[in-house]
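One structure is given here, and the rest of the page talks about it.
A, B, ... follow the sequence lines: proteins, then strands. Residue 1 opens every chain.
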There are 2 protein chains.
Amino acid sequence: MSNEQVSSQDANLYAINNRLVFRLFQLGNTLDRMSSKELGVSPVHWAVLGALSREQVREGMLFSDLTEYLGVSRQNLDGLLKRLERDSHVIRLADQQDRRAKKVMLTTQGHVFWEELQLKIYEFYRQTFEGFLFDDKVTFVHFLNKLNNGMKNTHISPKE
Amino acid sequence: MSNEQVSSQDANLYAINNRLVFRLFQLGNTLDRMSSKELGVSPVHWAVLGALSREQVREGMLFSDLTEYLGVSRQNLDGLLKRLERDSHVIRLADQQDRRAKKVMLTTQGHVFWEELQLKIYEFYRQTFEGFLFDDKVTFVHFLNKLNNGMKNTHISPKE
DNA sequence: TATTGTTATACTCTATAACTATA
DNA sequence: TATAGTTATAGAGTATAACAATA
C-alpha cells in the first residue's frame, strides 16, 4: 500500500494509487475514531440513526430495506440493532402485511438523541470541512462514489 | 449522517456534508470488504506489510515509528504484529541501542508474500481506478489529506 | 521518573453457516 | 421452496488501564 517500488515504467501511476488507498485507509480510521470520540457514536450507528430519522420513514423502515440502504449484512445489522435497542434508541415491530418482516423505527428517546446529536454533528462539520469550497465537496463526493463503484466491481481471479 | 432536515437556511451546505461523510463511510466499508475478499489481507495488514517492504526500512523499523506511521495505538499494533508473526510474515527483534525498543521487519517469507500480493494489488488498482484520470487522483488525494487533517483537529466541547 | 512495549479486558464490527417462522 | 430475520461462532480491530523492563 505504501510501497512505491514497481518493476515497470509506470511507477508514478502505481504510486498515486498506493497513496490514494493509504490515505483512504487513514481517513477511514480517523472517521471511526473521531466519530466515536467526539460525537459518542460509531459511524455505523450514526448511519443507522440518520437513515431512521428521515421524514419519509417516520413510520419505520423495513429491516431488509435498511440492510440494503446501509450495505451491511442482515446478521450484522441484527447485532447493531440489538445495541441500539439496548440503548432504547430503536425498536423493531412485526410488520402487519408480512409477518416475517420487521419494521425498524426510532423511539421517542431515539429522536431526542438524534436531535441532540445533530448539534454536535453541525459543529463537527463546521470544523472538519473548514477550508473546503462547496464545489470541492461536490467533486469530492463524485470521486468517492466513482471509486466506491469501481472497487465494488473489482474481482481478482483466485489463481495465486 | 443521511438526515437532510436542518432548521436553518443552509440546508444544502449541510446536505453535502452528510452525503460526503456517508459516502466516505461506505467507501471505507467497501475497502475493508474488497481488500479482505479479493486480496486476502485486511487494509491494516496491507498497510503494515507495505510500510515494512520499503527499501529504506530493509533493516527493520522501530515499533514506535511504525505506530506513528500507521496511526494505530501501541496496543493495537502489538495485536496486529502478533497475527503477522503467527503467519510468519514479520519478526520483532530487540534493538541494540535501546534495549526497550523493538525493530520490526519482514521475514523472507513475508517478502515473498508481499511480492505475490503486489501482482494482485496491481490488478486491483487497474480495475478499481478505471476511468480515473491521473490528475483526478492527485486532486482526490489532496482532498483526502485535507479532510483527514481537518477531521483530526476537530474537537467538540463535551457539554451535551 | 519517563518511555517502550506487553498484557488484560471489554466492546464493536464483520463474515459465515445454520436455524425459525412465515410466505 | 424461498424469504425474513435470528442465533451462534469466530476473527479482527479498537480503546483503556495497568504492568515490566529499560532508560
Exercise: do A:T139 and A:D136 side chains pair donor with acceptor under 3.5 Å: no

Between [atom2] of [N] and [atom1] of [X], the distance in whole Å:
X: B:D32; N: C:dA15; atom1: CG; atom2: P; value: 8 Å
X: B:F63; N: D:dT22; atom1: CZ; atom2: C1'; value: 16 Å
X: B:L93; N: C:dT6; atom1: CG; atom2: C1'; value: 17 Å
X: A:L39; N: D:dA15; atom1: CG; atom2: P; value: 15 Å
X: B:L81; N: D:dA12; atom1: CG; atom2: C1'; value: 14 Å
X: A:L31; N: C:dC13; atom1: CG; atom2: C1'; value: 14 Å
X: A:R83; N: C:dA10; atom1: CZ; atom2: P; value: 17 Å
X: B:R33; N: C:dC13; atom1: CZ; atom2: P; value: 15 Å

Any sub-3.5 Å donor-acceptor pair from [X]'s side-chain atoms to [Y]'s backbone N or O?
X: A:D87; Y: A:H89; answer: no
X: B:Q127; Y: A:H155; answer: yes
X: B:S42; Y: B:S36; answer: no

Tell me what [X] touches on the nucleic acid: a base, only sugar-phosphate, or nothing, going by heavy atoms under 4.0 Å.
X: B:N29; result: sugar-phosphate
X: A:L77; result: nothing
X: B:D98; result: sugar-phosphate
X: B:L80; result: sugar-phosphate
X: B:K82; result: sugar-phosphate

Heavy-atom donor-acceptor pair, A:R100 side-chain to D:dG5 base, under 3.5 Å: no

B:K137 to B:F129, cation-pi by 6.0 Å centre distance and 45° axis angle: yes

Lys NZ or Arg CZ of B:R126 over B:F132 ring: under 6.0 Å, within 45°: no

Choosing from [options], which nucleotide comes nearest the side chain of [X]?
X: A:R74; options: D:dG5, D:dT14, C:dT16; value: D:dG5
X: A:N76; options: C:dT14, C:dT12, D:dT22; value: C:dT14
X: B:R99; options: C:dT14, D:dT22, D:dA12; value: D:dT22
X: B:Q75; options: C:dC13, D:dA17, D:dG5; value: D:dA17
X: B:K102; options: D:dA23, C:dT12, C:dT6; value: C:dT6
X: B:R86; options: D:dT14, C:dT6, D:dA12; value: D:dA12
X: A:S64; options: C:dT22, D:dG5, C:dT6; value: D:dG5

N or O in side chain of A:H45 less than 4.0 angstrom from C:dC13 OP1/OP2: yes

